[in-house]
Structure formats: C-alpha cells, structure tokens
Amino acid sequence: MRYGTTLGEPFLQALESTVSAGTVAREVPLAGRTTFRIGGPAELLVAPGCAKEAAAAWALAKAFGVPVRALGEGSDLLVADEGVRGVVMALTEGLGAVRVEGDRLFAEAGASNASVAEAARAAGLAGYEFACGIPGSIGGAAIMNAGAYGGQFSDVAESVLCADDEGHIFEVNAAQAAWGYRESLMGERGLLVLGATLRLRPDDPDAIRGRMDDLTRRREEKQPLSLPSAGSTFKRPEGHFAGKLIDDAGLRGHRIGGAQVSELHAGFVVNAGGATARDVAALIEHVRTVVRERFGVTLEPEVRLWGFTEEDCR
Ligand SMILES: Cc1cc2nc3c(=O)[nH]c(=O)nc-3n(C[C@H](O)[C@H](O)[C@H](O)COP(=O)(O)OP(=O)(O)OC[C@H]3O[C@@H](n4cnc5c(N)ncnc54)[C@H](O)[C@@H]3O)c2cc1C
C-alpha cells in the first residue's frame, strides 16, 4: 500500500527559503547513498548548506508534522525498496568541515570518520585511529557510539553539537551523552547531531599511520569488504558473538534472493548481487528465528531499518 504525500505547498515554500545555501530535491534514490546499495527514493532530499540551515530545516519539518531523518554515510541503514516519505536530511554534502585547535578536533556531522582520522593524524593527534575504517560519519558515530578494535567514540568525544525539534542549537557534553553500546542520549531523544569536539593526545604522525594501517589490514582480512553491506548486522548479544551463533546455526552462506550471510564473516549480511531490501529484511528475520530456536538468544539488529513501519512507508 502506498500512502499520500506529507508535503504541502506551504511547507515546501518555507523549506525553499530556509535552505538557501543547500539543496532540496524530490524523489531522490537512496540506494547510492547507502553502503548496502539498496533502497528506494526519499520523497524529499534536503542537503543543508550549514549547521544553522540544518537545524532550521529540521525544526520546520517537525513544526509541519513532516517525517524527517538524518542521513550520514548510510553505512548502518537498510532502506525499504519503496523508499521513505517525508524529508531525508543528507549531511555529508554541506557539513563536512574539520578544524584542529591544540589537542582538540571539531568535526561537523557529515565529515567521514576516515577524513577525521586522517586530519587528526596529520596534526599529530592520536585517539581516533580506531575509527579510520568505520565507513560512517561523525553524526552516525556520535549517535551509535561507533566502536572498533577496543576504541569507541565516547572514549574521545568531549561534546556533541546538537539541534532539537525547535531548532535550538546546544552542546551535549560527554557526561550528559549517556553513551552505551551503540546508543546515546542523542539517539534516544531524536536530536539532530551537527558536529562533535574530540579531545585527542599528541603523538608521532608516523606511529599513528602505522596503527591505522594495521587496523585496515585486520579489517581487510576479516570483513567482506568487496560486497555491499551495512557492517555487523546484529548487535553483540550479552555473553555471545552474533557471528559465531549464526555460524554455529549453519547459516554461513545462507541466501534469500540476492541477500546472503557472508561466507567470510557470518555476522555480516551482504548484498551478493541484486538484493532488494525485502530480501535483506527476510534474511535478517530468518537468521533471528533460527538462532532463537537453536540457542534461545534473540539477536537485535544493529542496522537501522527505514520505511518498514506504517508511519514511514510509502
Ligand atoms: C563494512 C562496514 C564496517 C563497519 N564497521 C563498523 C565498526 O567497526 N564499528 C561500528 O561501530 N560500526 C561499523 N559499521 C557500521 C556503521 O559504519 C556505523 O554504525 C556508523 O557509525 C554509521 O554512521 P553513518 O554516518 O553511516 O550513519 P547512517 O547509516 O547514515 O545512519 C545511521 C543512524 O544514525 C542516524 N544519524 C546519522 N547521522 C546523524 C546525525 N547527524 N544526527 C542524528 N542522527 C544521525 C541516522 O538517522 C540513522 O538512524 C560498519 C559498516 C560497514 C558497512
């Protein structure tokens, strides 16, 4: 079933004048904006030109009752084949600035982890190496408390610049951010992340480079990076590893349509070629059912699903 548009003329006109430095476009395919390479269009794609514009456009959508969601690098997302209604706010175009001052680094929400790790290294600042291979943005990292190889965002974040539903811009400090395993106050309260300040430590750029290269090598060995995916499909269940449970359940390589449990790393569902969002969602459900039946463990998806509930499907 398709639902009607939520976008009336008054909203569209107000949005056009709010987003003067950025861009607004209708029916923009999201597949190319996700690492799964899957997904239908955003009814409206807004790419704000700066943080103030992003906050104002966010508040405008909220005031008009238009669904709005933030998009970083799309590396933790499964977007429905029909797409999503309302506004998708793409932050990687207009909010990519990175500034270093002393041992602090400020990055806007759309800056990629790779570019932030590289800027930190070039400035002789250590601490963000763990994130150099996490293919997301600073906004996504702050929301999810992204982590890898013993490091996580909350280890180095001093504060996060946010906007609320009224468009107020304010800082959430590390003590307030309530970071846990793949969760945060910002995610829980549905705040828009505009940027973050990291507190790093001086170190030799060559030593930092060495650690980044080592982590990249380890990732390349263990992860199915040649196929589109959204990384680990499931959160780590208490006392277990999702990949091992899936493997032990005999699901390594299991396929539904073009979606497959990776042969290389059973914790990843990959797009093995021509997968639809429906294929991936069905495979996720199948894996959850089999693992629950075999081991009594309920796997929770780490990947965020867009467009699968009645209020945001089309
Ligand atoms: C090959 C591969 C390897 C990966 N390895 C890791 C890993 O080692 N560790 C790890 O933690 N993750 C990993 N991931 C998952 C993913 O990269 C991270 O979760 C990342 O932090 C998501 O950031 P993003 O910008 O892509 O977010 P998106 O996928 O664009 O969005 C994810 C969620 O965050 C929200 N969001 C994004 N930006 C903002 C913002 N500015 N304000 C408010 N909400 C926002 C979105 O609305 C959505 O709900 C991997 C993914 C892939 C494909």
Side-chain angles (χ1 to χ4, degrees), residues 30 33-39 42 47-48 51 54-55 58 67-79 84 86-96 107-117 129-155 157 160-165 172 179-196 215-216 218-220 222-236 262 264-265 267-271 301-307 312:
L30 292 176
R33 291 175 176 265
T34 72
T35 53
F36 252 137
R37 299 284 175 249
I38 294 173
W58 186 265
V68 56
R69 60 197 91 215
L71 175 67
E73 296 280 358
S75 64
D76 208 24
L77 282 184
L78 179 65
V79 178
V84 284
V87 170
V88 169
M89 189 174 289
L91 297 161
T92 51
E93 275 99 322
L95 275 83
E108 287 189 314
S112 70
N113 290 317
S115 68
V116 170
E129 299 91 293
F130 76 87
C132 70
I134 301 178
S137 65
I138 283 289
I143 288 283
M144 309 284 292
N145 193 17
Y149 300 107
Q152 55 186 348
F153 193 77
S154 55
D155 295 343
V160 181
L161 192 65
C162 296
D164 65 14
D165 289 2
V172 171
W179 277 298
Y181 173 58
R182 304 291 175 263
E183 60 184 26
S184 66
L185 171 100
M186 291 72 71
E188 196 184 303
R189 283 192 45 203
L191 299 174
L192 174 65
V193 174
L194 298 169
L215 292 178
T216 303
R218 287 160 68 180
R219 227 173 241 283
E220 285 169 354
K222 294 257 163 61
Q223 298 185 357
L225 300 181
S226 61
L227 289 171
S229 78
S232 298
T233 313
F234 301 99
K235 292 184 183 170
R236 191 179 343 104
S262 166
L264 185 64
H265 187 319
F268 282 49
V269 168
V270 295
N271 177 356
E302 177 169 327
V303 173
R304 308 288 177 106
L305 275 63
W306 283 9
D312 65 12

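Both counts, for ligands and for their atoms, begin at 1 and track the order of listing.
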Within-4.5 Å side-chain heavy-atom neighbours: Phe153 and Ile134: no
How many angstroms lie between atom CG of Leu305 and atom CG of Leu78, to the nearest 0.5 angstrom? 5.0 Å
Taking C-beta and beyond as the side chain, do Ser184 and Asn145 meet within less than 4.5 Å on heavy atoms? no
Would you check ligand 1 and list the protein residues that come within less than 4.0 Å of it by any heavy atom, ordered by chain and number? Thr35, Ala70, Leu71, Gly72, Glu73, Gly74, Ser75, Asp76, Leu77, Leu91, Ala109, Ile134, Pro135, Gly136, Ser137, Gly139, Gly140, Ala141, Ile143, Met144, Ala146, Gly147, Ala148, Arg182, Leu191, Leu192, Val193, Arg219, Gln223, Leu225, Ser229, Ala230, Gly231, Arg304, Trp306
Quick one: CG on Leu30 to CZ on Phe36, what's the gap to the nearest 0.5 Å? 14.5 Å
Tell me, do Asp155 and Phe130 make a side-chain contact under 4.5 Å, heavy atoms counted? no
Closest heavy-atom pair, Val160 versus Met186, reported as atoms and distance to 0.1 Å, is CG2-CE, 4.1 Å
